[in-house]
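We're numbering straight along the sequence, starting at 1. Bear in mind that the values here come from a model prediction, so they are computed numbers and not experimental data.
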Amino acid sequence: QVQLVESGGGLVQPGGSLRLSCAARTIFAIDNMGWYRQAPGKQRELVATISRGGNINYADSVKGRFTISRDNSKKMVYLQMNSLKPEDTAVYYCNADTSTRTLWGQGTQVTVSS
């Protein structure tokens, strides 16, 4: 069953912006939600996380450029990405944690041209 669905990826120029969205669908009682990314040939890395209460962590590489937010009533998490760089190019994955399980979306491609 697909429980996390990302959207909003695409092709942008350096310095441009994208807003990613993730719908949790049938997941309930979510604690942390977050965004991870994986470039070809590289390991998946944390981009940003946000707790149910709003505590936020960012990777140093995106701090000041990306903003994570969530709407608990809608079971949505968002990632506003500004000042995009070519090194931000990756598949971005939504993540959700409950007290019993961790779930991942299928990913959405973000490509930042040179």
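- Listed here is the closest heavy atom pair of L79 and A48: CD1-CB, 4.4 Å.
- The number of heavy-atom neighbours closer than 6.0 Å to CD of E45, taken from other residues, nucleotides and ligands shown, is above 12.
- Nearest heavy atom pair, residue W35 against residue I68, reads CD1-CD1, 3.8 Å.
- Neither V91 nor V77 shares a network with the other; the hydrophobic side chains, linked directly or stepwise wherever heavy atoms of I, L, V, M, F, W or Y lie under 4.5 Å apart, form separate groups for each.
- Take V110 and apply the side-chain contact (heavy atoms from CB on, under 4.5 Å) test, not counting sequence neighbours, and it matches L18, L20, M81, Y92, V112.
- Across all their heavy atoms, M33 and C94 have their closest contact at CE-SG, 4.3 Å.
- Note that CG of D71 is 5.5 Å distant from OH of Y78, once rounded to the nearest 0.5 Å.
- A chain of hydrophobic side-chain contacts below 4.5 Å, direct or via other Ile, Leu, Val, Met, Phe, Trp or Tyr residues, connects V12 to F66.
- No path of Ile, Leu, Val, Met, Phe, Trp and Tyr side chains, each step under 4.5 Å between heavy atoms, connects L4 with L46, placing them in separate hydrophobic clusters.
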* T89 and R37: CA distance, side-chain angles, deciding distance, side chain to side chain contact (heavy atoms under 4.5 Å, CB included) verdict -> CA-CA 9 Å; T89 296; R37 65 187 182 187; over 6 Å; no
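- You'll find the side chain of S113 stays beyond 4.5 Å of the side chain of P86, heavy atoms only.
- When all heavy atoms of I27 and K75 are compared, the pair lying nearest together is O-CD, 3.2 Å.
- R19 places no side-chain N or O within donor-acceptor distance of the main-chain N or O of G8, the cut-off being under 3.5 Å.
- Proximity of a side-chain donor or acceptor of N32 to a complementary backbone N or O of T49 within less than 3.5 Å is not detected.
- The two residues Y93 and E6 have their closest heavy-atom pair at CA-OE2, 3.3 Å.
- Between K85 and D88 there is no salt bridge, since no side-chain N of the basic residue sits under 4.0 Å from a carboxylate O of the acidic one.
- In terms of hydrophobic clustering, with Ile, Leu, Val, Met, Phe, Trp and Tyr side chains grouped at heavy-atom distances under 4.5 Å, L84 and Y58 are assigned to a common cluster.
- Atom CD of E87 has more than 12 heavy atoms from other residues, nucleotides or ligands within 6.0 Å.
- The shortest heavy-atom contact between S69 and I50 is CA-CD1, 4.0 Å.
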